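Quick note: numbers below take in every heavy atom, side chains included, and nothing from hydrogens, waters or symmetry partners. These figures come from a predicted structure and were not determined experimentally.
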Amino acid sequence: MDDNDWKYPHQYVNTDNIYAGELGAIAGVRFVETTEAKIFAGAGASSANVYATMILGKNAYGVTDIAGGGLQHIVKQLGSAGTADPLRLVA
């Protein structure tokens, strides 16, 4: 963040599409802070916690439509009560 190329969200040319928790951007990468990131407990040197960082690019994620397959993309928030029925089998 101390780099001269770092831009805070209010410094963007277009400030219309800022993500909640967005910290800023550098080299075309926008940084967004979240409490949902994976923590690898005791995985680092001296058993320190390691905090995961994901960087996704354009077209890095996709969903395939399967005609007639009844496919459903299910997303559950971490710690949500929905984990009792993760595949929504109970109507």
For this session: Measure the shortest side-chain to side-chain distance between Phe31 and Glu33 over non-hydrogen atoms and say whether it is less than 4.5 angstrom.
Result: no
For this session: Rounded to the nearest 0.5 Å, what's the gap from CD on Glu22 to OH on Tyr12? Could you check?
Result: 3.5 Å
For this session: Report the distance from atom CZ of Arg30 to atom CG of Asn17, rounding to the nearest 0.5 Å.
Result: 7.0 Å
For this session: Write down the atom of Leu23, the atom of Pro9, and the distance for their closest heavy-atom approach.
Result: O-CD, 3.2 Å
For this session: Quick one: sort the Trp6 and Tyr8 rings into parallel, tilted or perpendicular, breaks at 30° and 60°.
Result: perpendicular
For this session: Consider only side-chain heavy atoms of I, L, V, M, F, W and Y, link residues closer than 4.5 Å, and tell whether Val29 and Met1 are in one cluster.
Result: yes
Exercise. Is a side-chain donor or acceptor of Ser46 paired with a backbone partner of Ala48 at a separation under 3.5 angstrom?
Worked result: no
For this session: Please report the shortest heavy-atom distance between Asp5 and Asp3, naming the atom on each side.
Result: N-OD1, 2.7 Å
Problem set entry | Minimal non-hydrogen separation, Asp16 against Asn14, with atom names | N-OD1, 2.9 Å
